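Input: a single structure, listed below in structure tokens.
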Amino acid sequence: MLDVNSSYSYLLWCRDFAETSAVARGADGRPVGFVTGYLRPDAPGTLLVWQVAVDAAYRGLGIAGALLDHLSERVARSYPLDAVETTITPDNTASERLFGSYARRHGARVSRTVLFPSGAFPAPGHEAEVLHRIAPLAF
């Protein structure tokens, strides 16, 4: 499930991280999906994908995978990209499939470790966030 942020945070994200984010638009020019990410400051060859979202009417068309491919290829033209990371909660099978498919398309392995256990979150009931590291990537 997508954690929805304030419109202000998305506007800041678009300003400060446009280079590592992408938007898909429908035939009418309206946004139908997006992916947000950033290069990790302590690992500049790693693109951390923060969120991927596709409008419900456009799901199942391969938009999320195309966004990930496009973004990582674009980032790799400017930076020595060798890994993609994301966190996924254990119940998010759609994201598991998306990133597993991305890894297969790019001939990379997926390693998984718990990054933030459920107890690290202030509100009770948040699932653990499992870090998926997809590497090595070669562009």
Side-chain angles (χ1 to χ4, degrees):
M1 182 166 146
L2 183 71
D3 288 335
V4 179
N5 298 286
S6 72
S7 56
Y8 178 70
S9 68
Y10 286 113
L11 288 169
L12 284 174
W13 197 276
C14 290
R15 183 193 73 169
D16 294 341
F17 298 106
E19 196 172 37
T20 53
S21 298
V23 174
R25 296 186 182 278
D28 62 358
R30 293 175 49 116
V32 299
F34 69 86
V35 58
T36 57
Y38 60 88
L39 292 170
R40 291 195 39 215
D42 63 337
T46 299
L47 174 66
L48 185 288
V49 174
W50 180 39
Q51 289 185 317
V52 179
V54 175
D55 184 283
Y58 292 86
R59 291 182 189 151
L61 301 175
I63 293 171
L67 277 166
L68 284 173
D69 289 343
H70 167 78
L71 178 61
S72 59
E73 290 163 8
R74 181 166 44 95
V75 169
R77 286 194 295 269
S78 299
Y79 302 94
L81 187 65
D82 59 12
V84 166
E85 292 181 346
T86 194
T87 62
I88 303 173
T89 56
D91 69 342
N92 192 338
T93 56
S95 287
E96 287 270 355
R97 285 193 304 269
L98 173 64
F99 284 94
S101 176
Y102 174 88
R104 285 188 297 280
R105 283 194 307 280
H106 293 276
R109 293 180 311 279
V110 181
S111 60
R112 295 169 182 83
T113 56
V114 174
L115 182 62
F116 301 116
S118 59
F121 293 91
H126 195 293
E127 287 192 274
E129 291 283 349
V130 178
L131 179 69
H132 290 65
R133 181 172 172 80
I134 301 166
L137 295 174
F139 291 95

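As the structure is a computational prediction, the values presented were derived from the model and not from experiment.
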Mind checking whether Pro136 and Arg109 have side chains closer than 4.5 Å, heavy atoms only? yes

Nearest heavy atoms of Leu81 and Gly45, plus distance in Å: CD1-O, 3.3 Å

In one Ile/Leu/Val/Met/Phe/Trp/Tyr side-chain cluster, 4.5 Å: Val130, Val110: no

Please lay out, stage by stage, how Tyr10 and Gln51 fare under the test side-chain contact (heavy atoms from CB on, under 4.5 Å). CA-CA 11 Å; Tyr10 286 113; Gln51 289 185 317; 2.8 Å; yes

Please check this pair: side chain of Arg104 against backbone of Gly100, looking for a donor-acceptor N/O pair closer than 3.5 Å. yes

Should Tyr58 and Leu67 be counted in the same cluster of Ile, Leu, Val, Met, Phe, Trp and Tyr side chains packed under 4.5 Å apart? yes

Same cluster (ILVMFWY, side-chain, under 4.5 Å), Leu39 and Leu137: yes

What closest approach, in Å, do Tyr38 and Thr20 show between heavy atoms, and which atom pair accounts for it? CA-OG1, 3.5 Å

If we only count heavy atoms from C-beta on, is the Thr46 to Asp82 side-chain gap below 4.5 Å? yes

Would you say the side chain of Tyr79 lies within less than 4.5 Å of the side chain of Glu19, judging by non-hydrogen atoms? yes

Would you check if Ser72 and Phe139 make a side-chain contact, meaning some heavy-atom pair closer than 4.5 Å? yes

Tell me whether the count of non-hydrogen atoms from other residues, nucleotides or ligands lying under 6.0 Å of CZ in Phe116 goes above 12. no

With heavy-atom distances below 4.5 Å as the criterion, would you say the side chains of Asn92 and Phe99 are in contact? no

Transitive ILVMFWY side-chain link Leu48 to Leu12, under 4.5 Å: no

Indicate if Ile134 and Leu131 have the same hydrophobic cluster label, given that clusters are the connected sets of ILVMFWY residues with side-chain heavy-atom separations under 4.5 angstrom. no

Mind checking whether His126 and Phe121 have parallel, tilted or perpendicular rings, split at 30° and 60°? parallel

Might you point out which heavy atoms bring Gly65 and Leu98 nearest each other, and give the distance in Å? N-CD1, 3.6 Å

Would you say Trp13 and Trp50 make side-chain contact, with heavy atoms under 4.5 Å? yes

Considering non-hydrogen atoms only, spot the tightest contact between Val23 and Pro31 and give its length. CG1-CB, 3.9 Å

If you compare all heavy atoms of Glu127 against all heavy atoms of Pro90, which two are closest, and at what distance to 0.1 Å? OE2-CD, 3.7 Å

What is the distance from atom OG1 of Thr87 to atom CZ of Arg133, rounded to the nearest 0.5 Å? 14.5 Å

Thr86 side chain vs Val49 backbone, donor-acceptor pair below 3.5 Å: yes

Short side-chain to backbone donor-acceptor contact, Arg74 and Ser21, under 3.5 Å: yes

Closest heavy-atom pair and its distance - Arg25, Val32: C-CG2, 4.0 Å

Side-chain donor-acceptor pair present, Arg97, Ser101, cut-off under 3.5 Å: no

Distance from Ile88 atom CD1 to Thr93 atom OG1, nearest 0.5 Å? 10.0 Å

